[in-house]
Amino acid sequence: MLLYACTIFTSAFLLFLVQPVIAKQILPWFGGSAAVWTTCLVFFQVALLAGYAYSDLTTRKLKPRAQVILHLALLAASLVTLPIIADADWKPAGNEDPGVRILGLLFATIGLPYFLLATTGPLVQAWFARTFPSGTVYRLFALSNFASMLALISYPFAFETWITTAVQAYGWSVGYGAFVLLCGASALYSLRGAAAPAADTVAAQAATPPRRFDLILWLALSAMGSWLLLAITNHITQNIASIPFLWLAPLTLYLLTFILCFESDGWYQRPVLLGPLAVVLVFCAWGLQTSSVTLEIKIAIPLYLTGLFICCMFFHGELAKMRPAPRYLTLFYLMVSLGGALGGLFVGLVAPRIFPAYYELGLGFVLTAILAAVTLRKSPLFIWLMAVALAGVCGYFWNRQIVDLKEDTRVLVRNFYGTLRTKDTGPNTSEDAVRRLIHGVILHGEQYLKPERRAEPTTYYGPDSGVVIALKNFSPDHQRVGVVGLGTGTLAVWGKPGDTHRYYDINPQVLEVAQSEFTYLGDSKAKIEVSLGDARLNLEREAPQNFDVLVVDAFSSDSIPVHLITREAMAVYLKHVKPGGAVVFHVTNRFLKLAPVVKQIAGSYGLHAALIIDDAENSDFSKTDWVIVTRDRTLIEAGALADKASDFDEIPGLRLWTDDFSNLFQILK
């Protein structure tokens, strides 16, 4: 039993550890978007389904000896794919579907090892049941989920904090080699049970097979758990707080509910949970159409994480109550994984293509209430009617979310990178009315509607902001300016005749909206150039652009693209900046202290940095923090920037950020 337990624990630990390890490798290639993580989850769920289908098929169709030979051959073949280092040939060119490319990359990089890890849970449990027919096989499922949760929790606090990305990949590969040995030993040991006919008892043969309705309910319960997992992950990372750690928190809670529900029947008590389930569904559905909840992270994050936990306790508790005899456990796991894959596919791939905004979470709350009504169909009539009424309440709030989001909205579009919308605050004739571009809940720029005020700068680009100070002090005549991050194109108002502004943006919809809804680019006195695709990848491919000023303005929005703020990224920027020019980083951020990171990177190249803080007092501009990096020491220490520069915060033990290492925990505010 210890051998089986060690095999399952190791496989589950590696199965979930590889998720952040591989996601961190490829995240820089696709703009640092939270959608990268969601797409990865879709791949992991589909691969898990394939592994469970393999386990079910081989257990039912192959004799034990043939099954073991096949599995040992696949284990040996999977070693050829190590180490799990993503091939740079998968880097996007900028015009392909990121979701499809990510799925292909993952299949090529970790497809076979992940598939075999995915087979281990149900397959080894089937071997265990054959060897120890009276054992409590479903406790091994709880052990598996505990190992998975342990891997997720340990990654940001241990692996990511101290170990570089490359070492993580090599270390995981070594761990996988150990797993192959354990799994091979378990496979061979299982043949001892197969040789004893008594292991397949009469009771097992007489076990009641699951009904068709049971299969459908298994599918639905697991699908809704996966649906809410991805939908709430999207919601809290795109619409509430742009904190990458929140990608792991929902998945950890999701796994915890599996552990509790399958470890013991005592953790899930339906009569106790139904009340909290109804309350949390109502509040979560109500919060989607209430901006005061969405914008207050101290309320929103606990609310939706609690909602996910309670809902998944219901889904997985009901699944645990319906688990079949061990003879049918591979079929049970197959249906659970199929449901998980279907829920993930809808939220990760279908919803972004059919919904213009994040409507799938509200729909998920409605379907959860409907599923509760189906599950409680044999309960007292009053309980069933309450579940139906709950579905109606959630449906009302979902409709209110859609109506409120569309109200006064001019444009509402969505793609892989999130939702964009534009909204006017008043009529064109109003003195202070503006048109705003919003990505999630982050303001990406605004423009005055009154024609005579359209050429005025707004938001982060006031005359005292660090970026404008840089534009005025680095080759002010006939400048060539590069800008990473387009937004509304507000910076173009500072362009002069003879200047050239070249903008880089990964999201084609941003360019479409900037050109159709705002006039900054069209009215600019500077020549405007646009390069679509990931800025760093494009800059790596381009010949030197000879920028006087290169503005890196991509750290205040929905996800922190770490690959734009590493030592290697600085080398790319310096390739494109004139010797007397500057790289200017916009480091305004609600959650992270980015200025010390930039200063340390600059110091590693012998460059000089100045932190410019614009409090924007008594003005309509936003408070901003900018770091100007230049080779010209005199300009920083005695020139135009000296009087305006502020002191950098000191972060003890801060380690230089590279493509191979970054630690967001160290710079949390």
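Note on Asp432 versus Arg453: salt bridge recorded, some NZ/NE/NH1/NH2 to OD/OE distance being below 4.0 Å. Look at Asp548 and Arg480 and you find no salt bridge, because none of the NZ, NE, NH1 or NH2 atoms lies under 4.0 Å from a carboxylate O. Taking the charged nitrogens against the carboxylate oxygens, Lys450 and Glu456 have no contact shorter than 4.0 Å, which rules out a salt bridge.
Using modelled atom types and a 3.5 Å distance limit, the side chains of Tyr461 and Asp553 yield a donor-acceptor pair. With hydrogens and angles left out, the side-chain atoms of Thr624 and Ser622 include no donor and acceptor closer than 3.5 Å. Donor-acceptor pairing under 3.5 Å is recorded for the side chains of Gln168 and Tyr155. Looking only at atom types and distance, the side chain of Thr500 has no donor-acceptor partner in the side chain of Glu529 under 3.5 Å away. No side-chain donor from either of Asn507 and His439 sits under 3.5 Å from a side-chain acceptor of the other.
Put simply, NE2 on His576 and CG on Leu539 are 4.5 Å apart, with the number rounded to the nearest 0.5 Å. Taking NZ of Lys24 as the reference point, atom OG1 of Thr164 lies at 9.0 Å (rounded to 0.5 Å). Taking CG of Leu349 as the reference point, atom CD1 of Ile354 lies at 11.5 Å (rounded to 0.5 Å). We find the CD1-CD1 distance between Ile84 and Ile110 to be 6.5 Å, quoted to the nearest 0.5 Å. Here the straight-line distance linking atom CG of Asn415 with atom CG of Leu420 works out to 7.0 Å at 0.5 Å rounding. Taking CG of Leu230 as the reference point, atom OG1 of Thr39 lies at 9.0 Å (rounded to 0.5 Å).
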Item to check | Criterion side chain to side chain contact (heavy atoms under 4.5 Å, CB included) on Asp499 and Trp494, from CA distance to verdict | outcome: CA-CA 10 Å; Asp499 290 352; Trp494 293 102; over 6 Å; no
Checklist entry - What do the steps show when you test Ile667 against Trp657 for side chain to side chain contact (heavy atoms under 4.5 Å, CB included), and what is the final call? => result CA-CA 11 Å; Ile667 63 171; Trp657 281 24; 3.5 Å; yes
Checklist entry - Going through the checks in order, is the side chain to side chain contact (heavy atoms under 4.5 Å, CB included) test met by Tyr176 and Val18? => result CA-CA 10 Å; Tyr176 182 80; Val18 75; over 6 Å; no
Item to check | Test side chain to side chain contact (heavy atoms under 4.5 Å, CB included) applied to Met570 and Phe585, step by step | outcome: CA-CA 11 Å; Met570 181 68 82; Phe585 293 84; 3.7 Å; yes
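When side chains are defined from C-beta on, Leu511 counts as touching Leu486, because their heavy atoms get closer than 4.5 Å. Under the 4.5 Å side-chain criterion, counting only non-hydrogen atoms from C-beta, Gln545 is not in contact with Leu550.
Tyr573 places a side-chain N or O within 3.5 Å of a backbone atom of Leu564 that can act as its donor or acceptor partner. With Gln19 contributing its side chain and Phe44 its backbone, the two residues share no donor-acceptor pair below 3.5 Å. Listed for the Gln479 side chain is no donor-acceptor partner under 3.5 Å among the backbone atoms of Lys496. Under a 3.5 Å cut-off, the side chain of Trp172 and the backbone N or O of Leu14 do form a donor-acceptor pair. Under the 3.5 Å distance criterion, the side-chain polar atoms of Thr458 are matched with a main-chain donor or acceptor of Glu446. Under a 3.5 Å cut-off, the side chain of Gln25 and the backbone N or O of Ala86 do form a donor-acceptor pair. Proximity of a side-chain donor or acceptor of Arg536 to a complementary backbone N or O of His563 within less than 3.5 Å is detected. Between the side chain of Thr422 and the backbone N or O of Val411 there is at least one donor-acceptor pair closer than 3.5 Å. A donor-acceptor pair under 3.5 Å links the side-chain atoms of Ser465 to the main chain of Gly462, judged by distance alone. Side chain of Lys623 to main chain of Thr588: no donor-acceptor pair is present (N/O by atom type, distance under 3.5 Å, no hydrogens or angles).
In this structure, Tyr170 places its OH atom where only 12 or fewer heavy-atom neighbours from other residues, nucleotides or ligands lie under 6.0 Å away. Residue Lys527 qualifies as open at atom NZ: its count of foreign heavy atoms under 6.0 Å is 12 or below. With a 6.0 Å radius and a threshold of 12 heavy atoms from other residues, nucleotides or ligands, Asp87 has its CG atom above the threshold.
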Throw together a table of side-chain donor-acceptor distances under 3.5 angstrom for residues 601-612, partners on residues two or more places apart or in other chains.
from, atom 1, to, atom 2, distance (Å)
Ser604, OG, Arg567, NE, 3.1
Ser604, OG, Ile601, O, 2.6
Tyr605, OH, Arg567, O, 2.9
Tyr605, OH, Arg567, NH1, 3.4

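For the side-chain hydrogen bond (donor to acceptor under 3.5 Å, both in side chains) with Gln447, the lone residue among Asp523, Thr519, Thr488, Thr459 that qualifies is Thr519.
The six-membered or imidazole ring of Phe43 lies away from that of Phe107, with a centre-to-centre distance of 6.0 Å or more.
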